[in-house]
Amino acid sequence: MIRARVVVASNRASTGVYADTSGPLLVTGLRDLGCQVDEPVVVPDGEPVAQALRQALADGMDVVVTSGGTGINPTDRTPEATRTVIDREIPGIAEAIRGHSRDRIPAAALSRGLAGVAGRMLVVNLPGSTGGARDGLAVLGPILVHAVDQLRGGDHPGNEEQS
């Protein structure tokens, strides 16, 4: 079972100005992918995101998907907070997520979201919109089990070395 957590980075949702909609969508989507996931953790953008990622790592999560704070607004700080926690980046995931929707939504090119590894935990930043959440799940769906297996030390089945 893959243990996952959704962290929503939103200054306004964290103070109750409005209800977040991307977090519940991500929780449902991750459950549909077979993950065990609780309700979203909603925090202000910036250092609280890094704290939530560190807590997820301490709690033994396999995957954390963040929502929000990836744009170019001066308050968007999720990639910077994520970079302080991850050990190495996986740029192909972030590129695939942006590429998935760029033709339909040109503003997707403005997302600065990262993907990376903290310890043995996969971290993926997604935009805060429901469309961004759906696009992120569409990209993660086919690779999530394999990525977690690799982080747990799994081998590449069928990839025997050729002599």
Side-chain angles (χ1 to χ4, degrees), residues 1-10 22-23 26-27 29-31 33-38 40-102 107-129 132-162:
M1 172 71 66
I2 294 174
R3 295 183 63 211
R5 182 166 293 162
V6 173
V7 174
V8 175
S10 172
S22 64
L26 287 168
V27 167
L30 288 167
R31 286 178 181 159
L33 292 173
C35 297
Q36 175 188 341
V37 57
D38 292 330
V41 175
V42 181
V43 297
D45 205 350
E47 180 55 28
V49 173
Q51 292 169 0
L53 293 175
R54 287 186 198 100
Q55 186 61 56
L57 186 59
D59 291 344
M61 292 295 125
D62 297 302
V63 177
V64 175
V65 177
T66 71
S67 173
T70 63
I72 59 173
N73 184 296
T75 62
D76 289 334
R77 307 296 299 164
T78 296
E80 289 78 13
T82 299
R83 195 169 274 121
T84 68
V85 177
I86 60 175
D87 303 312
R88 54 194 168 151
E89 289 188 36
I90 309 172
I93 294 175
E95 292 163 7
I97 292 166
R98 280 186 284 275
H100 183 77
S101 57
R102 195 173 10 228
L110 298 176
S111 175
R112 300 178 307 112
L114 301 176
V117 175
R120 291 182 178 249
M121 180 177 76
L122 177 65
V123 179
V124 179
N125 298 154
L126 298 177
S129 66
R134 282 188 200 95
D135 288 347
L137 288 168
V139 170
L140 287 175
I143 64 170
L144 190 60
V145 170
H146 183 66
V148 170
D149 180 61
Q150 290 292 291
L151 290 171
R152 291 176 176 169
D155 199 2
H156 294 280
N159 279 351
E160 292 83 26
E161 280 191 48
Q162 302 210 354

> What is the minimum heavy-atom distance between Gly119 and Val117, and which atoms define it?
Replying inline: O-CG1, 3.1 Å
> With side chains defined as the heavy atoms from C-beta onward, is the minimum distance between Leu30 and Leu144 less than 4.5 Å?
Replying inline: yes
>> For Thr66 and Leu53: C-alpha separation, side-chain torsions, deciding distance, then whether side chain to side chain contact (heavy atoms under 4.5 Å, CB included) applies.
In response: CA-CA 9 Å; Thr66 71; Leu53 293 175; 4.1 Å; yes
>> Minimum heavy-atom separation for Val63 and Val65, please, with both atom names.
In response: CG1-CG2, 4.0 Å
>> Restricting to non-hydrogen atoms, name the atom on Pro40 and the atom on Val27 that form the minimum distance, rounded to 0.1 Å.
In response: CD-CG2, 3.7 Å
> Once you round to the nearest 0.5 Å, how far does CG of Leu33 lie from CG of Leu140?
Replying inline: 8.0 Å
>> Please check: side-chain N/O of Thr70 versus main-chain N/O of Ser111, any donor-acceptor pairing under 3.5 Å?
In response: no
> Passes side chain to side chain contact (heavy atoms under 4.5 Å, CB included), Arg54 versus Thr84? Steps please.
Replying inline: CA-CA 10 Å; Arg54 287 186 198 100; Thr84 68; 3.5 Å; yes
> Within a radius of less than 6.0 Å around CG of Asn73, do more than 12 heavy atoms belonging to other residues, nucleotides or ligands occur?
Replying inline: yes
> What are the two closest non-hydrogen atoms of Gly69 and Pro79, and how far apart are they?
Replying inline: O-CD, 3.2 Å
> Got a sec, which pairs hit salt bridge (Lys or Arg N to Asp or Glu O under 4.0 Å) with one end in residues 61-73, sequence neighbours left out?
Replying inline: Asp62-Arg152
> Val41 versus Gln55: any side-chain heavy-atom pair under 4.5 Å?
Replying inline: no
> Quick one: does Arg112's side chain get under 4.5 Å of Glu80's, heavy atoms only?
Replying inline: yes
> With distance as the sole criterion, is a donor-acceptor pair present between the side chains of Thr82 and Asn125 under 3.5 Å?
Replying inline: yes
>> Among residues at least two apart in sequence or on other chains, which ones pass side-chain hydrogen bond (donor to acceptor under 3.5 Å, both in side chains) with Arg102?
In response: none
> Shortest non-hydrogen contact from Val8 to Gly23?
Replying inline: CG2-CA, 3.7 Å
> Are any of the side-chain heavy atoms of Val43 and Gln51 separated by less than 4.5 Å?
Replying inline: no
> Counting only N and O atoms by type, is there a donor-acceptor contact under 3.5 Å from the side chain of Arg31 to the main-chain atoms of Val37?
Replying inline: yes
> Passes side chain to side chain contact (heavy atoms under 4.5 Å, CB included), Met121 versus Val64? Steps please.
Replying inline: CA-CA 7 Å; Met121 180 177 76; Val64 175; 3.5 Å; yes
>> Determine whether a donor-acceptor pair (N or O, by modelled atom type, separation under 3.5 Å) exists between the side chain of Arg77 and the backbone of Val49.
In response: no
> Can Asp45 and Thr75 be said to form a side chain to side chain contact (heavy atoms under 4.5 Å, CB included), step by step?
Replying inline: CA-CA 7 Å; Asp45 205 350; Thr75 62; 5.6 Å; no
>> Measuring from atom CG of Leu126 to atom CG of Asp135, what distance do you get when rounded to the nearest 0.5 angstrom?
In response: 9.0 Å
> Quick one: are Leu122 and Ile90 in side-chain contact, heavy atoms under 4.5 Å?
Replying inline: yes
>> For the CD atom of Gln36 and the CE atom of Met1, what is their distance to the nearest 0.5 Å?
In response: 6.0 Å
> Which atom pair, heavy atoms only, marks the closest approach of Ala108 to Ser101?
Replying inline: CB-OG, 3.4 Å
>> Filter on salt bridge (Lys or Arg N to Asp or Glu O under 4.0 Å), then keep only pairs touching residues 84-98, sequence neighbours left out; what's left?
In response: Arg83-Glu89
